[in-house]
Colleague: 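I have a structure I would like to understand better, so I am pasting it below and will then ask my questions one at a time.
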Number of protein chains: 2
Amino acid sequence: MTNKDDSYKFKKVISIGIVSELTGLSQRQIRYYEERKLIFPDRSKGIRKYSFADVEQLMEIADKREEGVPTQEIRREMTKEIREKMLKGQMNAHFRFRS
Amino acid sequence: MTNKDDSYKFKKVISIGIVSELTGLSQRQIRYYEERKLIFPDRSKGIRKYSFADVEQLMEIADKREEGVPTQEIRREMTKEIREKMLKGQMNAHFRFRS
DNA sequence: CGTGTAAGGAATTCTGACACG
DNA sequence: CGTGTAAGGAATTCTGACACG
């Protein structure tokens, strides 16, 4: 039950047009953030597929960009958060759906 | 929190190709079940969009079809379940705000 | 650096119809 | 009844590039 609900959040099934609507970001911006390694969609025959978790991530990125934080700084903050979560022993939640 | 997770399940963001992969049903079958009023995707400029709940629904439909249950019978069972759930929901709402 | 845009191509989806049965 | 398929068109997505700065 919890596993199933989790899978809804992490399953990569949403194409970029919908992600754009959900986040308010342009497709150009979404692709650029991928180029800057802030987001990692799957690919299905070349077509990008995102999860709801990705959508949330993009919303956080959007907030920080509006504050003027450059992508490189956002990336640093992200890797730092990952590190902290791993220290807390939550690496399971993070990696379980990654591969 | 619970609300957000619910939205993952019911938000219509998945296009038919992915739904086909997720359910193992052909696009033809998925469209036909819509024609028979077993499933109700949203439309975005003519393009069908499904939720994870829809995907689950389709899997149940697939199971019943494999058992040889005709679509019309499946539809009857569905409306019956809806009716039961509404009664339960009303009772919940009733008791929740009663005391 | 971050984002917009036009360009050409590839992959997706849609509908209505014919087929089988 | 339920599903496959070919057909033609419309909408989506992709990449690499030029622009501005």
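A note on names: the letters A, B, ... follow the listed sequences, proteins ahead of strands, and every chain is numbered from 1. Quick caveat: nothing in here was measured; it's all calculated off a predicted structure. Note: hydrogens, waters and symmetry copies are ignored here, and every other heavy atom, side chains too, is used.
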Colleague: Going by the side-chain hydrogen bond (donor to acceptor under 3.5 Å, both in side chains) test, name the single residue among B:Glu35, B:Glu34, B:Gln27 that passes it with B:Arg31.
Modeller: B:Gln27
Colleague: Could you check whether any side-chain N or O of B:Ser51 sits under 3.5 Å from a backbone N or O of B:Asp54, counting only pairs where one atom can act as donor and the other as acceptor?
Modeller: yes
Colleague: In whole Å, I'd like the distance from the CG atom of B:Leu25 to the P atom of D:dG2.
Modeller: 14 Å
Colleague: Any chance you could encode DNA chain C as dot-bracket? Rule is Watson-Crick or G-U wobble with both distances under 3.5 Å; [ ] for pairs crossing earlier ones, | for another strand.
Modeller: .||||.||.|.|.||.||||.
Colleague: Does any N or O in the side chain of A:Arg65 come within less than 3.5 Å of the main-chain N or O of A:Val69, such that one atom is a donor and the other an acceptor?
Modeller: yes
Colleague: Identify, residue by residue, the members of residues 59-71 of chain A with a heavy atom below 4.0 Å from DNA chain C, and return them in order of residue number, or none.
Modeller: A:Arg65, A:Pro70, A:Thr71
Colleague: What does B:Gln27 touch in the nucleic acid at a heavy-atom separation under 4.0 angstrom: a base, only the sugar-phosphate, or nothing?
Modeller: sugar-phosphate
Colleague: Looking only at atom types and distance, does a side-chain atom of B:Lys85 sit under 3.5 Å from a main-chain N or O of B:Lys80, one as donor and one as acceptor?
Modeller: no
Colleague: Could you check whether any side-chain N or O of B:Gln29 sits under 3.5 Å from a backbone N or O of B:Ser26, counting only pairs where one atom can act as donor and the other as acceptor?
Modeller: yes
Colleague: Give the minimum heavy-atom separation between B:Met59 and B:Leu22, together with the two atoms involved.
Modeller: CE-O, 3.0 Å
Colleague: Nearest-Å distance, CZ (B:Arg48) to P (D:dA11)?
Modeller: 15 Å
Colleague: Rounded to the nearest Å, what distance is computed from the NZ atom of residue A:Lys45 to the C1' atom of nucleotide D:dT15?
Modeller: 18 Å
Colleague: Are B:Glu73 and B:Lys64 within salt-bridge range, i.e. N to O under 4.0 Å?
Modeller: no
Colleague: Please give, in whole Å, the distance from D:dT13 P to A:Ile14 CD1?
Modeller: 12 Å
Colleague: In whole angstroms, how far is the P atom of C:dA11 from the CD1 atom of B:Ile47?
Modeller: 17 Å
Colleague: I need the A:Leu38 CG to A:Glu60 CD distance, nearest 0.5 Å.
Modeller: 11.5 Å
Colleague: What residues in residues 28-38 of chain B put a non-hydrogen atom under 4.0 Å from any atom of DNA chain D?
Modeller: B:Arg28, B:Gln29, B:Tyr32, B:Tyr33, B:Arg36
Colleague: Would you say that A:Lys12 contacts A:Arg48 through its side chain, given a criterion of any heavy-atom pair below 4.5 Å between the two side chains?
Modeller: no
Colleague: Within the distance-only criterion (no hydrogens, no angle test), does the side chain of A:Thr23 pair as donor or acceptor with the backbone N or O of A:Leu58 below 3.5 angstrom?
Modeller: no
Colleague: Are any side-chain N or O atoms of A:Lys49 and backbone N or O atoms of A:Lys11, one a donor and one an acceptor, separated by less than 3.5 Å?
Modeller: no
Colleague: So, is A:Ser15 close to the D:dT12 phosphate, meaning a side-chain N or O under 4.0 Å from OP1 or OP2?
Modeller: no
